[in-house]
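Hydrogens, waters and symmetry mates are skipped; everything else that's a heavy atom, side chains included, is used.
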Amino acid sequence: MNPIQKLLEDSYALIRSDASAMAKGDWASRFEQALKQLQSSDAANAQHLQDIEDAEHARDAANLARMKILGQLNTLHKSLAAALPEIVHHDPQAAALLRIEWLLKNGSADPTAAAAAKAAEMEAPMPSREVLEAVLAGKRNFNKAQLEFTVGEVMVLTGWEMTPIELIEKGESWLAQQVLNHQNK
């Protein structure tokens, strides 16, 4: 209970117990009005706090989505560069488009380049579904960047119910399962 509300209620009870004080004015209605205004103000403050929390969660979810997209783009660029390292351009987007154009015209690159592209994907900061499944199966662990990204993602997915340390203590397999469960929705 709000301390001001408690003080008002105690004062109101004291005045109500004194008939002469009650007879001197409209104390009862004034106290009731003050208590209602205080309760209304408390409710509005609580709603404002909830609105702020909801906005922060929405912002964090949007940041996570942005990080995922950037991670996917980075992985794509690295995979294309590993598949066709001989195509070089000062602009990364132009280089990626030239590599895609070459692949469309000439088919796949050589097997060693494909293996290099796969290795780049497996070590990308944002873990792919294949990495998540391998971690879940116990075939590998996250690298440092993947673990950091996954902890951040699971924090968002669980609504900040646990700290990063608590999430890490649950284990990498559990973290991978949380992300996969979300992806399967």
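Under the ring pair (Phe, Tyr, Trp, His ring centres under 6.0 Å) criterion, H182 pairs with no residue, sequence neighbours left out.
Screening residues 130-144 for side-chain hydrogen bond (donor to acceptor under 3.5 Å, both in side chains) gives K118-E130, E123-N143, R129-E133, R140-Q146, K144-E148 as the qualifying pairs, with residues at least two apart or on separate chains.
Taking both residues in full, the closest heavy atoms of F149 and P125 are given as CB-O, 3.6 Å, listed atom of the first, atom of the second, then distance. Across all their heavy atoms, P164 and M155 have their closest contact at CG-SD, 3.6 Å.
A salt bridge does not link K170 to E166: none of the charged nitrogens lies less than 4.0 Å from a carboxylate oxygen.
D60 is not listed as a side-chain neighbour of H57, based on a closest heavy-atom distance of 4.5 Å or more. Residues L175 and V179 are not in side-chain contact: their nearest non-hydrogen atoms beyond the backbone lie 4.5 Å or more apart. Taking 4.5 Å as the limit, every side-chain heavy atom of L136 sits out of range of all side-chain heavy atoms of W174.
Residue Q93 places its CD atom among 12 or fewer non-hydrogen atoms of other residues, nucleotides or ligands, all under 6.0 Å distant. Heavy atoms from other residues, nucleotides or ligands lying under 6.0 Å from CG of L49 number more than 12.
A single hydrophobic cluster is seen to contain both V156 and L180, as judged by linkage of ILVMFWY side chains at heavy-atom distances under 4.5 Å, directly or through other members. Residues W102 and L97 do not share a hydrophobic cluster, defined by chaining ILVMFWY side chains whose heavy atoms lie under 4.5 Å apart. In the hydrophobic cluster analysis, where Ile, Leu, Val, Met, Phe, Trp and Tyr join through side-chain heavy atoms closer than 4.5 angstrom, I69 is grouped apart from M67. Hydrophobic cluster membership is shared by M162 and I168, with clusters built from Ile, Leu, Val, Met, Phe, Trp and Tyr side chains linked at under 4.5 angstrom.
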Check: Does the salt bridge (Lys or Arg N to Asp or Glu O under 4.0 Å) test come out yes or no for K78 and E121, once each step is laid out?
Finding: CA-CA 8 Å; K78 286 182 179 180; E121 175 191 348; over 6 Å; no
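A donor-acceptor pair under 3.5 Å is absent between the side-chain atoms of N74 and the main chain of L70, judged by distance alone. Judged by distance alone, the side chain of S79 and the main-chain N or O of T75 form a donor-acceptor pair under 3.5 Å.
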Side-chain donor/acceptor pairs under 3.5 Å, residues 82-90, sequence neighbours excluded:
residue, atom, partner, partner atom, Å
H89, ND1, D91, N, 3.0

